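Take a look at the structure below.
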4 protein chains.
Amino acid sequence: MSSADPVDHRKGPRRRGDALYEAIFAATLDELNAVGYTELKMERIANRARASKGSLYRRWPSRAELVVDAVHHCFPSHGEPPDTGSVREDLLGCLQKIANLLNSPSGEAIRGLMADTIRNPDLMEAVRIRFIDPGVGLFLEVLKRGAVRGEVRASALTPRFASLGPDLLRQHFMVHHSPIPERVLTEIVDEVVLPLVRAPRDHAEHPGRDPK
Amino acid sequence: MSSADPVDHRKGPRRRGDALYEAIFAATLDELNAVGYTELKMERIANRARASKGSLYRRWPSRAELVVDAVHHCFPSHGEPPDTGSVREDLLGCLQKIANLLNSPSGEAIRGLMADTIRNPDLMEAVRIRFIDPGVGLFLEVLKRGAVRGEVRASALTPRFASLGPDLLRQHFMVHHSPIPERVLTEIVDEVVLPLVRAPRDHAEHPGRDPK
Amino acid sequence: MSSADPVDHRKGPRRRGDALYEAIFAATLDELNAVGYTELKMERIANRARASKGSLYRRWPSRAELVVDAVHHCFPSHGEPPDTGSVREDLLGCLQKIANLLNSPSGEAIRGLMADTIRNPDLMEAVRIRFIDPGVGLFLEVLKRGAVRGEVRASALTPRFASLGPDLLRQHFMVHHSPIPERVLTEIVDEVVLPLVRAPRDHAEHPGRDPK
Amino acid sequence: MSSADPVDHRKGPRRRGDALYEAIFAATLDELNAVGYTELKMERIANRARASKGSLYRRWPSRAELVVDAVHHCFPSHGEPPDTGSVREDLLGCLQKIANLLNSPSGEAIRGLMADTIRNPDLMEAVRIRFIDPGVGLFLEVLKRGAVRGEVRASALTPRFASLGPDLLRQHFMVHHSPIPERVLTEIVDEVVLPLVRAPRDHAEHPGRDPK
DNA sequence: CTCTAAACGAGACGGTACGTCCAGTCTTCGG
DNA sequence: CCGAAGACTGGACGTACCGTCTCGTTTAGAG
């Protein structure tokens, strides 16, 4: 009538430090991939990682923080912006990098994280720093190079215009389902970003303002 | 020796039809306002509405569907677009309407709903139809009127340009915290939407493309 | 805007093993005593024991199994049969022990269990082993001692005769309401059991009823 | 958003009076047979009978009362006691009648009813009158005829001895599973009832064993 | 035969309890 | 000491019935 099994199965060599982190991150990504963010459970992550819930909670106060770290660990950044010599091609390359991330299993995680960010400003900060700002940085770099070449007007080298592409792409991603079609990328570049940032061809300074 | 309260409180005339819907919607909005979407519980809604969980599940298969109906019921639409005679003022008015909705408690609900929409295309459809498309419709109407007045080029009367304002506003809303500052609205209008849709001042047709 | 009580009440030293079993058994008996078997609810037991439903279901697959364990834990057995030197007195003592159990709150539990036993042979087995067979064992022991003294014929030392008393007592218990009157016990002994098991009259030294 | 289907399918000729009673009784017995007393649900009975719950509750205040009526309606009584000219054969015949009832689906219902009778004395009364007393009456009649023939001592013509057989049979039924084996009937008659009620062979008064 | 009152079917209603699942904390033990 | 395992309290989930009720429809019987 008393409880439990007297035998205890705590066997093999214990993982510590990085090995444990790796296992937890891998399990988190696997679960994300399998059931998605909203169905992600600490319990299942722990089981899949063959770790204890205690080991998880000791490191991350909540599911969201764990996911941020796990996703960022596995997809650390967008790398260097492409440099083809053409602003248009560079912008398209940047969007494609971002789209690749969003189309991957991590994309759904990011989408799910967005919902949690509202109630948790710290989380929002983390998401922005790790997943949003790098994309904007990519665009800004591309625009700067375009300005050097004279393709982009100098007054467009602001976060506002640099974030335009990532914002519209992310917006599409939130409203529509994956994967993001190629056409969306080209439309964003050709119909919105380029017309706004392009240097006037002749002596005009503003693309929309009358050169007079 | 028997238990409990022998009195039975299922007395008063029971609510049916619209009266019950109203009570449930009100309770849902109250709870949303009190604890937010992610902490919203069917159980608490039922209790607050003095209804049974059965009455909720009989009507809505999930929390998300209930929230969509409740929010839409209480903030049915954006009404008519403003008509000031100036495209800029009209566009600002439209953005302000949308911002007002997003800044309200419903805004948080909508944000929370976004996370659920991924795993549920039907829900996404509902959110789009009820909360996103109406805003685009507002913009499109304003642009049409602007085109009639010659302020807006005819080729800008497409969903792409009409959705630009709502998309950017929504994106700001997702990434930053409420409330949305006035400055964001004016920047969206003056730096992005207007330059792209404005008719060329003289005989040029495209604002950004080569006039010849 | 956030909700609820930030304080968490899962503080005090948690009970495990026997301490928890004790608390659950006590709560079960309390509830049995308060509302009876048919109104017994797992939910109320859990609340009264300040345990979670999970802790209950982890141990017992159903209400019936829990009740069997709880009652048996608190009233483990009938103890030793009385030994007065007189078969009649011993038999009466045995019946009285059983009657005491049936008259207690446990009695009602046992009665309620009977209904569940039909659909669950394992439960029936448990009830028989824990509550019925011990009573028969008591009788058998008494009859054996009587046989040694010559009061009881050897051919009556079978389960059939040993179970006669408990059977009739239980039958009375099922059909009538508690408490079982003294008279029933004496009738069972004097009019049924004794006449059937008594050694033949002539040279027997029968202490019970002297026919002459 | 409002409710319900305007079309209403309450078509066919409605049953009233006996036809409805029959349907409800039949459905009750069917359900009893299918899932047993403890799993018997008013809702399921109503559905199976194609009747409304209101029609059930209008007639019976509780499940137990309905079951009593339903079982009694379908197995109204034990009929006349057998009359073979031999007390032993007659007693066996009586037990067999009772066993037949208990072995049928109704038997399980009766068993389930027993549990409810504790908390509801009126129900106990009904069960006793309809299912227990008739069996005792059978035995009493048989014993009377035996007394007329001289096989049974006159002092055994009491409810105590008449109820002995039914009591032991019922007890066996409660503790063991159906069906009741033939052997149980003969043992009850030959080892308990007959020895107690048989008229002394010569002039001895004692029912026990003939002293010589 | 018509009219009325009752009984009927259907099923919504406010509730309670179910048995499951998971969150986050705590305890125990092994390495 | 820290990791692993997992038991613990708590509470929401979505389902199933409870017994009551409202709603129209059908039927029986009175006039």
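Lettering follows sequence order; numbering is per chain, from 1. Predicted model, so just to flag it, every value in this text is computed and none were measured.
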Report summary line: Taken to the nearest whole Å, CG/D:Leu40 to P/F:dG19 is 12 Å
Query raised in the report: Using rotation axes that map the C1' atoms of four end pairs onto the next four (five pairs an end), what angle separates the end axes of the helix from E:dC1-F:dG31 to E:dG31-F:dC1, to 10°?
Result: 10°
Query raised in the report: Quick one: A:Leu56 CG to E:dT25 P, roughly how many Å, whole number?
Result: 13 Å
Report task. Please list, chain by chain and in numerical order, all residues satisfying side chain to side chain contact (heavy atoms under 4.5 Å, CB included) with A:Ala64, sequence neighbours excluded. Result -> A:Tyr37, A:Ser62, A:Leu113, A:Asp116, A:Leu123
Query raised in the report: side chain to side chain contact (heavy atoms under 4.5 Å, CB included) with A:Ala126: which residues, sequence neighbours excluded?
Result: A:Val68
Report task. Please work out which of the three classes, parallel, tilted or perpendicular, describes the rings of B:Trp60 and B:Phe25, given edges at 30° and 60°. Result -> tilted
Query raised in the report: Can you check the B:Arg44 CZ to F:dG14 C1' distance for me, whole Å?
Result: 18 Å
**Report entry** salt bridge (charged side-chain N to carboxylate O under 4.0 Å, His left out) partner of A:Asp69, the single match among A:Arg63, A:Arg130, A:Arg59
**Finding:** A:Arg130
Query raised in the report: Can you list the residues that meet the side-chain hydrogen bond (donor to acceptor under 3.5 Å, both in side chains) rule with D:Glu125, with sequence neighbours excluded?
Result: D:Arg128
Query raised in the report: Once you round it to whole Å, what is the distance between C1' of F:dG19 and CD of D:Glu65?
Result: 14 Å
Query raised in the report: Once you round it to whole Å, what is the distance between P of E:dG14 and CZ of B:Arg48?
Result: 17 Å
Report summary line: Sorted by chain and number, sequence neighbours left out, side chain to side chain contact (heavy atoms under 4.5 Å, CB included) with B:Ser106 holds for B:Leu29, B:Val71, B:Phe75, B:Leu101, B:Ser104
Report task. Please name all residues satisfying side-chain hydrogen bond (donor to acceptor under 3.5 Å, both in side chains) with C:Glu22, sequence neighbours left out, ordered by chain then number. Result -> C:His73
Query raised in the report: Roughly, in whole Å, what's the span from CD in B:Glu39 to P in F:dC13?
Result: 10 Å
Query raised in the report: Distance from C:Leu40 atom CG to C:Leu66 atom CG, nearest 0.5 Å?
Result: 7.0 Å
**Report entry** Listed partners of B:Arg48 passing side-chain hydrogen bond (donor to acceptor under 3.5 Å, both in side chains), at least two apart
**Finding:** B:Glu31
Query raised in the report: Can you tell me how far CD1 of D:Ile24 sits from CE of D:Met42, rounded to the nearest 0.5 angstrom?
Result: 9.0 Å
**Report entry** Over 12 non-hydrogen atoms of neighbours within 6.0 angstrom of CZ in D:Arg44
**Finding:** no
Tabulated below should be each protein N or O lying under 3.5 Å from an N or O of nucleotides 6-8 of chain E; please produce it.
from  : atom 1 : to      : atom 2 : distance (Å)
E:dA7 : O4'    : D:Arg16 : NH2    : 3.2
E:dC8 : OP1    : D:Arg59 : NH2    : 2.5
E:dC8 : OP2    : D:Arg58 : NH1    : 2.7
E:dC8 : OP2    : D:Arg59 : NH1    : 3.1
E:dC8 : OP2    : D:Arg59 : NH2    : 3.4
E:dC8 : O2     : D:Arg14 : NH1    : 2.3

Query - Between C1' of F:dA4 and CD1 of A:Ile45, the distance in whole Å - result: 17 Å
Taking N or O atoms only and anything under 3.5 Å, show me the protein contacts with nucleotides 19-21 of chain E, one pair per line.
from   : atom 1 : to      : atom 2 : distance (Å)
E:dG19 : OP2    : C:Tyr57 : OH     : 2.2
E:dG19 : O5'    : C:Tyr57 : OH     : 3.3
E:dG19 : N7     : C:Lys53 : NZ     : 2.8
E:dG19 : O6     : C:Lys53 : NZ     : 2.7

